[in-house]
Amino acid sequence: MRTGAGEAVGVLCLVSLVAALDYKYHHSEELEAYLKEVHAAHPALTHLHSIGRSVEGRDLWVLVLGRFPTQHKIGIPEFKYVANMHGDETVGREILLHLIEHLVTSYGRDPAITRLLNNTRIHIMPTMNPDGFEATVVPDCYYSRGRYNKNGEDLNRNFPDAFENNNNIIQPETQAVINWIKNETFVLSANLHGGALVASYTFDNGNSVTGTSNGYSRSPDDDVFIHLAKTYSFNHASMYKGTGCDSKQTFPDGITNGYSWYQLEGGMQDYNYVWGQCFEITLELSCCKYPPAEQLEKFWRDNKVALVEYIKQVHLGVKGQVTDKNGNPIPNAIVEAKGRPHICPYRTNEHGEYFLLLLPGKYVINATVPGFKSMLKTVDIPDNTANFSALKQDFSFPEVSVKPSSASCPRTPLYQELERSSAAVKPTLHMLVLVIVTISIFK
């Protein structure tokens, strides 16, 4: 709908007001005020909500941007950025605010940003650890107590782990993110850190099943993760050079497998991939964890293109719906690409939707409704990221007229269980997946 001249002037005034975002550190009250200003200026394009509270009671704000910001729409993938989970790693917190500004002020003016927002639902959480940020009184390049939450817990060691039992008590901030992941159909994500300059990808932890004897923990989608990490590093001003932060440590192409860098238990990116059906990488954006505010403008310029290009990768691969003979959606159907089964099988959401991130090429997609014969379809996947839509491939089960019961994957060290079984009977990953599916059905 067209706006009248008066309305247009009013919108421009609001945009110019919001666009006055300074290159400085925004503390909790200022950050909240800015997000509310953006939402007030762009109510049809944004949705602001808190997914929970920190230990000290601060809101964990998320701004959602897109043509349908308030709710999921069939066929439109969900993307998220999370920053500042270590409270003293601050660059990501600020550049996400500038990304918000860039997106809302470019909508309707920049064709690529407009198409991106029309075809993607983007969730931005500038800070997962507001208490840690506020506790960092004296900024330091290397370490401060602000890394942890108010309870002294490292939030990036606090998630359930697929390789070993994580006995740490789950913190309020962590639980809020776990619930958030469960309630949305996230497809792609990145979490923003500081202290290095590299894009790190799954797995962060590992065992013999994922190849750690070779110093690398490989996921079934290793090729996709390498592509995602390179997408960011090669669109960054300097990350792709791989020089790192000192002469002792270099990262070819500016990327690394997480385990190859250092082993990490209870990390958020592995949790997203195993239990959230969401591909997440970790972006280390600054050698100094908490650099002077005067450097923030350069950090924004260095990351601006990469942040946008990475979001576009949510449109890689194939997507579709699984329906019954009456055209009704079938939730909890398993949809996987043949040859790359996930230890926690990827399932359709309540709308019967699935999203699989895959590089261009030919694949066999296997859709399974428990208790019925699987359906296989061969697809030739192009690179559709420039078109802002993955290849669409639906599945219809003519003999199915009932919805399968809800199924969940146990949050136990699944790869540890597989390693133990492997030592005894040498099963394949496919066999373990079958066991997990069977457990889920009869649970």
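Only heavy atoms go into these numbers, but all of them, side chains included; no hydrogens, no water, no symmetry mates.
For the side-chain contact (heavy atoms from CB on, under 4.5 Å) test, residues two or more places apart in sequence or in another chain that qualify with Tyr240 are Ser233, Phe234. For Ser219, there are no side chain to side chain donor-acceptor pair (under 3.5 Å) partners two or more places apart in sequence or in a different chain. For the salt bridge (charged side-chain N to carboxylate O under 4.0 Å, His left out) test, no residue two or more places apart in sequence or in another chain qualifies with Glu164. With sequence neighbours excluded, the residues forming a side-chain contact (heavy atoms from CB on, under 4.5 Å) with Asn119 are Arg115, His315, Phe388, listed by chain and number. For the side-chain contact (heavy atoms from CB on, under 4.5 Å) test, residues two or more places apart in sequence or in another chain that qualify with Glu353 are His72, Ile74, Gln321, Asn349, His351, Phe355. The salt bridge (charged side-chain N to carboxylate O under 4.0 Å, His left out) test applied to Lys73 returns no partner, not counting sequence neighbours.
Within a 6.0 Å radius of OH in Tyr142, other residues, nucleotides and ligands contribute 12 heavy atoms or fewer. Around the NZ atom of Lys377, the shell of radius 6.0 Å holds more than 12 heavy atoms that belong to other residues, nucleotides or ligands.
Taking both residues in full, the closest heavy atoms of Val62 and His123 are given as CG1-CB, 4.0 Å, listed atom of the first, atom of the second, then distance.
In this model, Cys287 has its SG atom no nearer than 2.5 Å to the SG atom of Cys141.
The pair Glu309-Lys312 meets the salt-bridge criterion, with a side-chain N (NZ, NE, NH1 or NH2) lying under 4.0 Å from an Asp/Glu carboxylate O.
For the ring-ring contact (aromatic ring centres under 6.0 Å, His included) test with Phe186, the passing option among Tyr273, Tyr271, Trp275, Trp180 is Trp180; the others fail.
Using cut-offs of 30° and 60° for the angle between ring planes, the Tyr81 and Phe79 rings count as perpendicular. Between Tyr415 and Phe163, the ring-plane angle classifies as parallel under the 30° and 60° cut-offs.
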